[in-house]
Amino acid sequence: MSITLGSYLIPILQTLAGRGPDVIVPSAEVKASVHSSVGLPDDTTKASAMVDNAAYELKLRGCITTHGRAGWALTPLGLDVVEGRKTLPTKGRAPVK
């Protein structure tokens with residue numbers, strides 16, 4: 001099975017949801033959790049970058065905030081998505097406020 005960037009979107013949200021919205025979680029901790037639950041891509045040298053790219057996608061969709069080297073935090077929209085109250089916004093679309 002090939003692991004794609006999209007494979008990491010919901011697992012990132014799930015990992016952050018374990019801490020709650022607006023709690024900054026170190027990106028290394030999120031990456032370790034996601035890789036352990038989803039697995040590593042065929043090219044393991046790209047594993048970290050794939051999670052970074054997935055996190056960036058989630059940021060563009062309004063589901064997480066990024067805090068430089070400090071880490072990532074779940075937004076209220078991200079919590080709604082992971083808990084099934086809302087669907088993940090479409091790629092390239094700004095979230096409805």
Side-chain angles (χ1 to χ4, degrees):
M1 179 180 121
S2 177
I3 296 173
T4 63
L5 181 135
S7 304
Y8 291 132
L9 297 175
I10 297 300
I12 289 172
L13 294 178
Q14 291 169 330
T15 298
L16 294 173
R19 298 286 191 87
D22 300 319
V23 176
I24 299 171
V25 181
S27 58
E29 186 177 318
V30 176
K31 289 175 189 180
S33 175
V34 169
H35 287 144
S36 115
S37 69
V38 176
L40 295 171
D42 294 333
D43 183 351
T44 58
T45 61
K46 295 182 179 181
S48 181
M50 284 181 71
V51 178
D52 285 333
N53 291 339
Y56 180 72
E57 274 298 319
L58 290 168
K59 177 184 175 185
L60 293 177
R61 297 176 193 207
C63 294
I64 70 170
T65 56
T66 57
H67 302 273
R69 295 184 185 268
W72 305 322
L74 190 66
T75 65
L77 173 61
L79 185 61
D80 285 344
V81 169
V82 80
E83 291 182 348
R85 290 188 295 273
K86 293 189 178 176
T87 59
L88 185 63
T90 305
K91 181 177 180 175
R93 300 235 180 209
V96 177
K97 296 193 180 202

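For Val81 against Leu13, the heavy-atom pair with the smallest separation is CG1-CD1, 3.8 Å. Taking each heavy atom of Gly39 and Ile3 in turn, the nearest pair found is C-CD1, 3.5 Å. Between His35 and Ser48, the shortest heavy-atom contact is CE1-N, 4.1 Å. When all heavy atoms of Ala54 and Tyr8 are compared, the closest pair comes out as CB-CB, 3.8 Å. The nearest pair of heavy atoms linking Cys63 to Leu88 is SG-CD1, 3.8 Å.
The side-chain contact (heavy atoms from CB on, under 4.5 Å) check on Ala55 picks up Ile12, Ile64, Trp72, with sequence neighbours excluded. Scanning for salt bridge (Lys or Arg N to Asp or Glu O under 4.0 Å) contacts around Asp80 gives Arg85, Lys86, with sequence neighbours left out.
Using a 4.5 Å heavy-atom cutoff, the side chains of Leu40 and Met50 are not in contact.
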Output side-chain donor-acceptor pairs under 3.5 Å for residues 16-25, partner residues at least two apart or in another chain, one line each.
from: Arg19; atom 1: NH2; to: Glu29; atom 2: OE1; distance (Å): 3.2
from: Arg19; atom 1: NH2; to: Glu29; atom 2: OE2; distance (Å): 2.3

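With rounding to the nearest 0.5 angstrom, the CZ atom of Arg61 is 5.0 Å from the CD atom of Glu57. Separation of atoms CG (Leu77) and CG (Leu58) is listed at 10.0 Å; rounding is to 0.5 Å.
Remark: the backbone N or O of Thr4 is paired with a side-chain donor or acceptor of Ser7 at under 3.5 angstrom. Without hydrogens or angle criteria, Thr75 side chain to Gly62 main chain gives a donor-acceptor distance under 3.5 Å.
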